[in-house]
Amino acid sequence: MNITINVKVNGVKYSNTVEPRLLLVHYLRDVLRLTGTHIGCDTSNCGACTIHLNGMATKSCTLLAVQADGMEITTIEGLAKDDQLHPLQEAFRECHGLQCGFCTPGMIMTAADLLQHNPNPNEEEIRTALEGNLCRCTGYHNIVKAVEFAATKMKKEVAV
Amino acid sequence: MSTNGLIGKSVKRVEDKRFITGRGKYTDDIILPGQTYAAFLRSPFAHAKILEITTEAAKAMPGVIAIYTGEDLREVNGVPCGWQVNFKDGTTMKEPKHPLLAVDKVRHVGEAVAIVIADTREHAVDAAEAIMVDYEDLSCVIDPLKAAQPGAPLVHDDVPGNVCFDWNLGNPPGEVDEALKNSAHVTTLEFVNQRLVPNAIEPRSYNSSYDEANDRYTLYTSTQNPHLIRLLMCAFVLGIPEHKVRVVGPDVGGGFGSKIFHYTEEALLTWCSRKTRRPVKWTATRSESFVTDAHGRDHVTKAEMGFDNEGRITALRVKTYANLGAYLSTFGSCVPTYLHGTLMQGLYTTPKINIDVTAVFSHSTPVDAYRGAGRPEATYLLERLIDLGAQELNIDPAELRFKNFIPPFDGVNQPGYQTQVALQYDSGNYEGVLKKGLEMAGYENFRNEQKANSNGKLIGIGISTYIEACGIAPSAVVGSLGARAGLYEVGQVRVQPTGKVSVYTGAHSHGQGHETTFAQVVADKLGIPMDDVEIIHGDSEAVAFGMGTYGSRSLAVGGSAIVKSIEKIIEKGKKIVAHKLEASADDIEFANGKFTVKGTDKSMGFGDVALTAYVPHVYPKDLEPGLDFSSFYDPANFTYPFGCHIAIVEVEKATGKVQLKRFIAVDDVGNVINPMIVEGQIHGGVVQGVGQALFEGADYDENGQLTNASYMDYCMPRADDLPMIETGSQVTPCPHNPLGVKGAGEAGCIGSTPAVVNAVLDALWKGGYTVKDIPMPLTSERVWKAMQ
């Protein structure tokens with residue numbers, strides 16, 4: 001029996017009838033066609049599907065679309081505000097924090113969650129926060145740099 | 001030639017914007033009108049007879065459009081191998097058919113037995129689960145040594161002893177035996193270079209469609225070389241006309257070699273799209289990726305290195321058993337041979353070398369090129385041997401390397417270095433990178449600290465100095481070595497009437513940043529802004545032809561093809577300007593985007609020349625309009641990057657846990673176009689190499705089950721396992737290509753693995769544990785056991 005869900009994704013309200021077994025990540029990708037959220041594994045280990053669910057970084061392959069009923073979701077497509085890139089998006093470009101780009105949306109969403117809770121993380125805290133997200137290209141070096149860069153930039157913005 | 005200084009600058013990547021905003025377009029992001037979805041039923045057995053397949057119930061399930069088994073494809077060819085290696089006696093290697101779906105027998109866990117096509121992914125999976133297969137389980141063999149033993153279960157009935165080929169390279173074996181016998185000391189190491197799973201984070205994905213009205217096919221594929229896939233699929237597998245097939249490799253989420261190969265699923269989906277007249281899409285689950293993406297490494301080796309009384313290497317003898325898996329993958333045969341045996345000279349003046357390779361089939365996933373492909377195995381072998389030799393001879397490992405290095409040569413004033421194993425190195429300064437690495441590491445201080453610390457923590461330092469052959473490569477040479485394709489590259493530069501430039505390259509970017517690096521080269525050489533240049537790649541319909549990206553070849557070969565076309569553009573531009581300004585073409589100079597008559601102030605801008613070429617009202621009579629050139633570049637030689645990697649580790653005595661404290665990488669990759677991108681390549685490569693040393697390894701049990709076929713079980717390097725990577729560089733230009741570049745894609749992965757292992761063994765050795773070797777990956781358990 002299909003079930004109707006109501007969600008708000010990147011500020012837009014959606015109402016869809018879905019199979020109960022549909023994963024949230026498939027709902028975002030196949031139904032809403034928000035393909036920036038990626039799928040890299042089937043065991044919730046790679047983090048490529050990380051989104052914000054009611055403001056918290058969540059692997060969107062770990063829950064069913066029906067479980068997200070009534071919730072607010074932000075995906076990578078919704079992170080920039082009014083065409084202004086999020087400081088983390090800028091930082092990933094500035095620091096060469098991405099190569100093939102496949103893990104990048106998940107990395108950025110995870111890092112954004114970290115900076116919400118800890119605006120001034122040290123290297124160890126960044127590495128610990130990112131350990132649930134796999135990257136095969138960068139060796140994480142420039143990703144860590146990018147998070148540091150964004151943290152500094154966001155502090156300056158707050159100070160202004 | 002003109003320059004605006006873009007070459008050599010860390011320009012930020014132009015491709016990033018789409019990736020950081022979630023607007024990249026990978027194959028799985030594409031949904032075509034009328035899209036259907038495929039799911040596979042795969043073998044749960046490593047070796048079994050297929051007695052019966054029952055699909056009736058599955059066919060009746062909701063949404064199912066078609067189900068095919070091997071029986072339906074009995075007459076269809078299998079996927080080919082692209083490199084022929086001959087037995088020592090001159091006979092051709094054994095090439096059993098690699099079918100698109102298993103026929104009669106399955107030969108590895110994960111081999112596809114049936115394909116279901118349905119209206120949704122879920123329906124396809126449901127139906128695949130409803131297919132009944134009656135198997136007769138047969139005994140299997142995974143280990144390459146055991147597979148080569150008499151009486152081992154046969155993978156293919158027509159391949160006796162499971163031997164695909166045997167192969168030998170170097171000085172005559174007798175000479176090497178003699179040199180070893182006369183050596184003052186011989187260091188011997190028997191080891192396994194373990195099997196790895198490449199694990200690009202984007203799983204393989206294909207979407208194939210057939211347009212009946214025009215008899216045309218389109219295949220979107222997560223590949224590193226769309227043209228090669230088209231060629232292999234059309235000419236060798238399906239026999240469909242190449243000009244009616246478009247193959248697109250859109251954004252691709254990492255390859256590391258595993259997306260070079262022509263996989264069975266690509267051809268099968270294309271075949272199915274014609275049968276069903278519907279577009280068919282399949283994306284591997286990670287569990288499928290683990291058992292179907294071609295694996296890497298898997299060598300079992302015995303190696304002996306002789307030394308004289310002064311510590312000079314006298315000879316090297318190597319015997320390797322290479323595991324090819326159940327079938328020959330596209331380049332499976334050349335990895336343990338021409339990409340491995342030919343590197344046995346390393347950086348050293350070893351006068352006598354012989355390597356013998358036996359390549360065997362086993363009941364496991366096919367093995368092929370994985371980042372470095374053969375060269376990491378060669379480097380591991382040499383760098384472990386020389387370090388062990390240093391321990392046994394009680395010589396400092398850095399000193400032993402300095403004693404044996406080939407002296408510096410630039411390939412211009414001094415000739416290239418002819419090795420004992422077929423290759424001729426282009427240019428090198430091997431002492432230079434080791435000196436720099438030791439300085440960056442603070443080697444002497446570390447040794448003093450280590451001595452002072454001898455009763456405290458176990459700390460160790462490990463060196464690895466490597467050379468690799470990349471920029472693959474001269475067609476004539478690879479052809480003589482068995483390659484069944486040319487290995488040139490194609491570069492087309494199309495100047496638009498307004499002076500904007502579209503560049504079409506046969507290389508393919510799946511993370512390497514070609515859209516930036518290549519644009520830098522073009523903008524620099526033409527003296528125009530980078531914004532005026534666009535790099536187009538990955539589409540057989542847009543790009544005339546191409547050999548793709550692997551073997552760190554894109555810039556050395558693909559970049560050079562583009563430079564050739566730029567030279568033709570400038571030469572034609574000079575003729576146009578000469579006519580217009582009534583001068584001789586010989587008197588026209590081109591610099592900073594401007595054509596000038598020598599010694600005058602008469603000039604024309606690049607944009608004006610472009611417009612004149614397309615609006616040829618005042619134009620030389622003997623010149624065609626337009627400004628658009630294509631070039632094929634076939635290099636004179638491979639390129640030979642080299643470097644020095646140093647690891648510093650701490651080993652916990654109580655648990656054997658290894659902590660990588662520092663990693664120093666000094667790489668000489670020739671001239672550098674974009675240092676930021678090159679460093680990024682090194683970082684990533686280093687961590688993949690560290691992964692092999694400390695974490696990764698495919699574990700097959702005796703039944704042929706891959707027991708760690710998920711990210712829960714296969715240990716990938718994670719952010720909190722690693723330190724920052726300290727990079728240094730040296731530049732020894734490549735003497736034979738126009739950019740002087742060598743290639744940086746694989747260097748990190750080639751140099752790093754033995755540095756880490758050497759560091760752990762150094763820590764143990766200096767801490768009083770005389771441990772000769774520990775098999776990779778160096779997990780806590782293995783290190784702790786070795787210490788007991």
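Hydrogens, waters and symmetry mates play no part in the numbers below; they use all other heavy atoms, side chains included.
For a residue to count as touching a neighbouring chain, one of its non-hydrogen atoms must lie under 4.5 Å from one of that chain's; by this rule A:Arg93 touches chain B with backbone and side chain alike. At a 4.5 Å heavy-atom cutoff, the contact between A:Thr104 and chain B is made by side-chain atoms alone. The contact between A:Leu85 and chain B is made entirely by side chain atoms (from C-beta outward), counting heavy-atom distances below 4.5 Å. In this structure, chain A has a heavy atom under 4.5 Å from the backbone of B:Val252, while its side chain stays farther away. Residue B:Arg121 touches chain A through its side chain alone, counting heavy-atom pairs closer than 4.5 Å. For B:Asp721, no part lies under 4.5 angstrom from a heavy atom of chain A. At a 4.5 Å heavy-atom cutoff, B:Ile682 makes no contact with chain A through either its backbone or its side chain. If you measure heavy-atom distances from A:Leu79 to chain B, you find no contacts under 4.5 Å at all. For B:Glu679, no part sits under 4.5 Å from any heavy atom of chain A, backbone or side chain. With a threshold of 4.5 angstrom between heavy atoms, B:Phe256 approaches chain A through side-chain atoms but not through N, CA, C or O. For a residue to count as touching a neighbouring chain, one of its non-hydrogen atoms must lie under 4.5 Å from one of that chain's; by this rule A:Phe102 touches chain B with backbone and side chain alike. Only the side chain of A:Glu123 comes within less than 4.5 Å of a heavy atom of chain B; its backbone N, CA, C and O stay farther away. Only the side chain of A:His38 comes within contact range of chain B, judged by heavy atoms closer than 4.5 Å.
In summary, A:Glu90 and A:Lys153 engage in a salt bridge, as defined by a charged side-chain N under 4.0 Å from a carboxylate O. Classification of B:Arg662 and B:Glu726 as a salt-bridged pair holds, one side-chain N sitting under 4.0 Å from a carboxylate O.
Listed here is the closest heavy atom pair of B:Ala647 and B:Ala755: CB-O, 3.6 Å.
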Requested in this report: Evaluate side chain to side chain donor-acceptor pair (under 3.5 Å) for B:Glu122 paired with B:Tyr37, printing each intermediate quantity in order.
Outcome: CA-CA 9 Å; B:Glu122 290 77 11; B:Tyr37 298 83; over 6 Å; no
Query raised in the report: Passes side chain to side chain donor-acceptor pair (under 3.5 Å), B:His514 versus B:Thr517? Steps please.
Result: CA-CA 5 Å; B:His514 295 169; B:Thr517 304; over 6 Å; no
Requested in this report: Report the C-alpha distance between B:Tyr220 and B:Tyr206 in whole Å, list the side-chain angles of each, state the deciding distance to 0.1 Å, and finish with yes or no for ring-ring contact (aromatic ring centres under 6.0 Å, His included).
Outcome: CA-CA 6 Å; B:Tyr220 291 92; B:Tyr206 310 120; over 10 Å; no
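The greatest number of non-hydrogen atom pairs below 4.5 Å with chain B, out of A:Leu22, A:Leu34, A:Ile126, A:Leu134, is found for A:Leu134.
For an aromatic pair to be called close, the ring centres must be under 6.0 Å apart, and A:Phe149 with A:Phe92 fails this.
Remark: side-chain polar atoms of A:Asp113 are paired, donor with acceptor, to backbone N or O of A:Ala57 under 3.5 angstrom. Checked by atom type and distance alone, the side chain of B:Ser509 pairs as donor or acceptor with a backbone atom of B:Gly513 at under 3.5 Å.
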